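Bear in mind that the values here come from a model prediction, so they are computed numbers and not experimental data. Just the heavy atoms: all of them, side chains too, but no hydrogens, waters or symmetry mates, feed the values below. Every chain is numbered from 1 and lettered A, B, ... according to where its sequence line falls, protein lines coming before strand lines.
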Amino acid sequence: MAVAAGRPTQRQQPENPLTAGLERQPVPPTSMVIFGATGDLAQRKLLPAIYNLAHDGALPERFYLVGVARKEKQDEDYRKECEEAIRRYSRRPPDPDVLKGLLENVRYIPGTFDEGAVYDKLGQQLGEFEQAAGEPLNRAFYLSTAPGFFPVIIAKLGEHKLAHHKGEEVRVIIEKPFGTSLEEARELNREVLAVFEETQVYRIDHYLGKETVQNLLAFRFANGMFEPLWNRNYIDYVQITAAEDIGIGSRADYYDKAGALRDLIQNHMMQLLCQVAMEPPVNFTAEEVRNEKVKVLEAIPAPMPADIPEMAVRAQYGPGHAGGEDVVGYLEEDGVPPDSTTETYAALRLDVDNWRWAGVPFYLRTGKRLARKVTEIAVTLKPVPHLAFSAEGSLGVQPNQLVLTVQPNEGVSLRIGAKIPGTRMIIRPVNMEFLYGTSFLSQSPEAYERLITDVMRGDPTLFTRNDEVEAQWRICDPIIKSWEATPGPLPKYEAGSQGPAEAEALLRDGDSWRAV
Amino acid sequence: MARTDAVWSEQGTTPDAIEAATRELLIEAHAEREEAVPARVLNMIVFVDLDWTGEIANRLRGVGRYHASRLVVLAYEPKRERLDARVTISTDDPASPGEIAVLRETVVVELGDRHLDDLVTIADPLVVTDLPTLLWSPHGHHDIVEDLIPLAQAVLIDSVEEPEVDEALDWACTLSDRAYVVDLAWLRSTPWRERVAAMFDPPWLRGELSIISKVTVRHHPRSTVAAGLYVGWLASRLRWQPARLVSHGGSLVGTAHASRQDVAVRLQVAPELAVPGLEGLTVETAAGHMLRLDRGRGGLRAHLAGPQVVSGRKQQTDREWTIPGASRGETGVLGEGIRQALLRDPTYLPALQAARSMLL
């Protein structure tokens with residue numbers, strides 16, 4: 001490929017005065033390669049996200065896409081697959097002309113991920129894109145494959161000199177799970193960082209791309225009224241819930257190996273915990289934000305084996321009812337071994353041992369087949385020190401509770417006590433609510449649209465750094481090991497219920513789980 | 001899909017009665033459907049000639065999710081003596097069970113000449129307190145806008161709809177002193193601004209922003225102001241000193257003074273363009289680069305020509321490609337205008353001032 005020589009690189013350029021005031025900032029010309037291009041994630045999320053960026057005029061001036069997967073097929077066949085996936089899963093009906101223009105720059109390379117010829121063809125194809133564009137292009141390799149292929153693909157990219165590209169940026173996006181244990185995460189980090197520099201690596205946690213998760217930082221650090229209360233003096237406990245009403249569907253193969261703790265707590269829920277507990281960063285650059293998150297994780301002591309029964313609970317759903325239908329239990333789900341001891345529910349009590357949070361328990365729980373789908377953070381404040389109302393009037397007084405709902409009905413609600421209208425002073429809790437749906441005109445972009453744009457623009461703020469992912473595993477790993485060492489029959493909860501009664505044992509006296 | 005949940009109307013009514021009825025309808029709607037909650041984003045006051053109410057209603061219906069949370073339409077019929085009003089509460093059905101359904105309110109008040117002196121006292125009780133208010137008078141009525149502007153934080157205008165270029169620019173400047181101006185003529189050019197910003201963003205071209213030598217903007221016959229705002233934007237961002245343009249062969253031509261050289265400016269009518277706004281633009285640099293953008297199917301058509309250093313050798317390049325992006329259409333532009341009332345673009349006013357220097 002002919003590449004311009006002696007030109008300034010992206011890191012040396014003077015400011016572009018034309019970008020001021022523009023909502024959509026320029027994105028450098030990019031070739032994106034999706035490994036696992038025919039998989040579920042690519043079809044349901046990545047391709048629709050890329051289309052929607054094109055629809056909004058938010059893709060780079062020059063954008064090319066290569067799909068890599070095992071199945072043998074021609075470019076044209078893959079383009080048809082892309083079109084079908086976009087038509088089916090895009091958040092809006094595609095514009096035929098935009099779709100056609102996007103698909104013209106899509107190519108497909110068949111082969112297994114350990115096959116050298118695949119990478120030779122890939123290098124050649126990327127070169128042809130640059131020839132067509134007449135300029136060098138940044139490269140983004142998206143690893144949307146089973147985790148077992150991550151090291152293979154990384155190593156091959158390195159062997160075939162695809163990890164660096166003259167003066168242009170090369171980035172690699174790694175989907176979760178990043179390892180299944182601390183040891184694996186460390187090993188994977190070693191393998192990745194043997195080929196790429198940390199600044200090139202984008203470990204994706206799509207929760208961070210959600211508007212409501214990003215709003216946590218705005219909520220905490222753009223409002224003067226909350227931060228003075230945001231500490232052990234005023235906050236009694238914090239509860240983070242990620243409940244799903246559905247079962248495992250067709251994901252038995254993945255889920256039975258992962259379980260609830262690996263599936264949601266190690267990554268998404270740890271991220272939410274960090275956003276709640278982190279100190280204000282000096283600024284919102286990627287490194288400052290991620291430094292503060294790592295400090296939170298480092299302040300959480302790794303669980304000792306003897307303590308685990310008191311701070312972690314697991315369970316499995318049994319038969320029950322959901323959406324007015326009878327549903328089977330986990331062990332009766334298709335593809336699940338009848339003697340599986342994989343947890344479909346996990347709850348933890350964690351301590352953040354630092355000046356701000358000492359003594360404030362953080363309760364985390366997640367589960368399949370619970371009563372309702374909801375992801376929320378509930379911050380319960382300490383009760384008022386003295387109730388001057390009559391005994392009857394005081395009955396309805398409850399501690400203030402701030403609930404940040406991530407999904408559905410994204411928003412923030414504050415529970416406060418208010419007098420019931422009437423001749424007597426009787427209090428009951430009421431809610432002050434902010435709802436995204438009623439407070440903004442814009443539709444939130446899909447998390448993947450934001451994250452793919454950030455990769456192409458080189459902004460890693462919403463991605464997990466190597467030390468962060470290892471710190472997450474350092475907390476979860478001892479629990480997983482302890483559970484694996486004592487596989488015994490798991491506590492059961494009825495499908496469609498609030499979860500296992502055993503979860504109550506994690507709570508301090510006076511604390512309670514919010515109703516799912 | 002929007003559905004109408006409740007309607008109230010009254011002839012010979014008062015603002016207080018309208019406000020009370022609106023409040024009551026909202027309470028009833030929430031009582032009937034717990035998931036129905038009122039949107040609280042933006043008030044929009046529209047002053048419109050009664051005969052055109054239907055047309056404006058159609059345009060506003062098309063903006064979908066950008067519908068103001070409370071829309072107050074003041075429908076004017078000169079000889080009308082009585083104040084008549086109609087309040088409609090509508091919702092979008094929730095996306096899925098358990099999610100909220102957002103309520104939006106439309107208040108239409110029919111009024112006449114006798115009400116104009118006290119128009120603020122009619123409109124003020126009808127807007128939701130503490131929400132920003134956007135004011136729009138699509139059929140001129142500058143005097144009415146002047147009267148109502150104390151109620152508004154933003155004013156929606158379309159500079160290309162003014163009969164004369166100088167009036168359009170003066171009016172936009174006057175309004176800018178008193179409220180944030182959202183100009184549809186400016187918003188139509190957003191993709192063009194984004195694209196030129198992006199095309200000059202690569203490191204090897206960015207330096208050439210300082211040596212732009214010629215700018216040609218092709219525009220709809222009635223969109224001279226839009227073309228002027230576009231060049232005004234370049235001038236203000238790149239610190240050119242714009243000078244007055246003169247008519248020459250059906251175009252407006254002139255020179256802007258940059259720090260390193262003069263920039264030839266041409267605003268050229270594109271008679272074939274059927275919709276308001278820009279048809280294309282060409283930017284040339286002293287280094288010999290030519291960037292051209294034109295409307296195309298599925299996005300803007302880009303053309304880049306000029307010297308490029310390739311593998312250490314200088315050679316001439318000439319490339320064309322399509323930059324994907326769906327057309328928003330006029331409805332999309334109006335919706336964007338409503339959304340922009342909540343934002344602030346610091347580059348509009350400097351662009352407007354530069355455009356005035358060229359076009360007045």
Looking only at non-hydrogen atoms, find the nearest pair between [X] and [Y] and report the distance.
X        : Y        : answer
A/Gly21  : B/Pro346 : CA-CD, 4.1 Å
B/Arg237 : A/Pro17  : NE-O, 2.8 Å
A/Val98  : B/Pro324 : CG1-CB, 4.2 Å
B/Ala197 : A/Leu22  : CB-CD1, 3.7 Å
B/Val41  : A/Ser439 : CG2-C, 3.3 Å

For [X], is the [atom1] atom crowded, meaning more than 12 foreign heavy atoms sit under 6.0 Å from it?
X        : atom1 : value
B/Met290 : CE    : yes
B/Glu320 : CD    : yes
A/Asn223 : CG    : yes
B/Arg297 : CZ    : no
B/Glu34  : CD    : no
B/Arg344 : CZ    : yes
A/Lys45  : NZ    : no
A/Arg88  : CZ    : no

Self-check item: Side-chain (A/Asn16) to main-chain (B/Arg206) donor-acceptor, under 3.5 angstrom
Solution: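 No.
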Quiz item: Can you check whether B/Ala326's main-chain N or O pairs, donor with acceptor, with A/Asp95's side chain at less than 3.5 Å?
Solution: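 No, A/Asp95 side chain to B/Ala326 backbone: no donor-acceptor pair under 3.5 Å.
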Mind ranking [options] by heavy-atom pairs under 4.5 Å with chain B and telling me who comes out on top?
options                               : answer
A/Gly437, A/Gly101, A/Ala58, A/Pro408 : A/Gly437
A/Gln407, A/Gln25, A/Arg62, A/Arg24   : A/Arg62
A/Ala133, A/Pro96, A/Pro60            : A/Ala133

Exercise. Walk me through it: do A/Glu433 and B/Arg40 pass the test salt bridge (charged side-chain N to carboxylate O under 4.0 Å, His left out)?
Key: CA-CA 12 Å; A/Glu433 299 215 44; B/Arg40 285 295 172 258; over 6 Å; no
Could you check whether any side-chain heavy atom of [X] comes within less than 4.5 Å of a side-chain heavy atom of [Y], counting everything from C-beta outward?
X        : Y        : value
A/Glu23  : B/Thr190 : no
B/Leu238 : A/Leu18  : yes
B/Glu99  : A/Glu410 : no

Exercise. To the nearest 0.5 Å, tell me how far A/Thr19 OG1 sits from B/Arg193 CZ.
Key: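 Taking OG1 in A/Thr19 and CZ in B/Arg193, the distance rounds to 12.5 Å.
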Quiz item: Which one of B/Leu234, B/Leu209, B/Leu304, B/Thr322 has the most heavy-atom pairs closer than 4.5 Å to chain A?
Solution: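 Counting heavy-atom pairs under 4.5 Å, the top option is B/Leu209.
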Quiz item: With respect to chain A, which residue among B/His67, B/Arg319, B/Arg104 yields the maximal number of heavy-atom pairs within a distance under 4.5 Å?
Solution: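 Highest number of pairs under 4.5 Å: B/Arg319.
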Given that the side chain runs from C-beta out, which part of [X] has a heavy atom under 4.5 Å from chain A: side chain, backbone, both or neither?
X        : value
B/Ser69  : neither
B/Arg339 : both
B/Leu342 : side chain

Quiz prompt | Heavy-atom contact with chain B under 4.5 Å, split by part of A/Leu102 | solution =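 Neither; nothing under 4.5 Å.
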Quiz prompt | Portion of A/Leu435 that has a non-hydrogen atom of chain B nearer than 4.5 angstrom | solution =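 A/Leu435 touches chain B through side-chain heavy atoms alone.
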Exercise. Evaluate the salt bridge (charged side-chain N to carboxylate O under 4.0 Å, His left out) criterion for residues B/Arg195 and A/Glu61: first the C-alpha distance (whole Å), next the side-chain angles of each, then the deciding distance (0.1 Å), finally the verdict.
Key: CA-CA 8 Å; B/Arg195 288 314 174 185; A/Glu61 295 296 295; 2.7 Å; yes
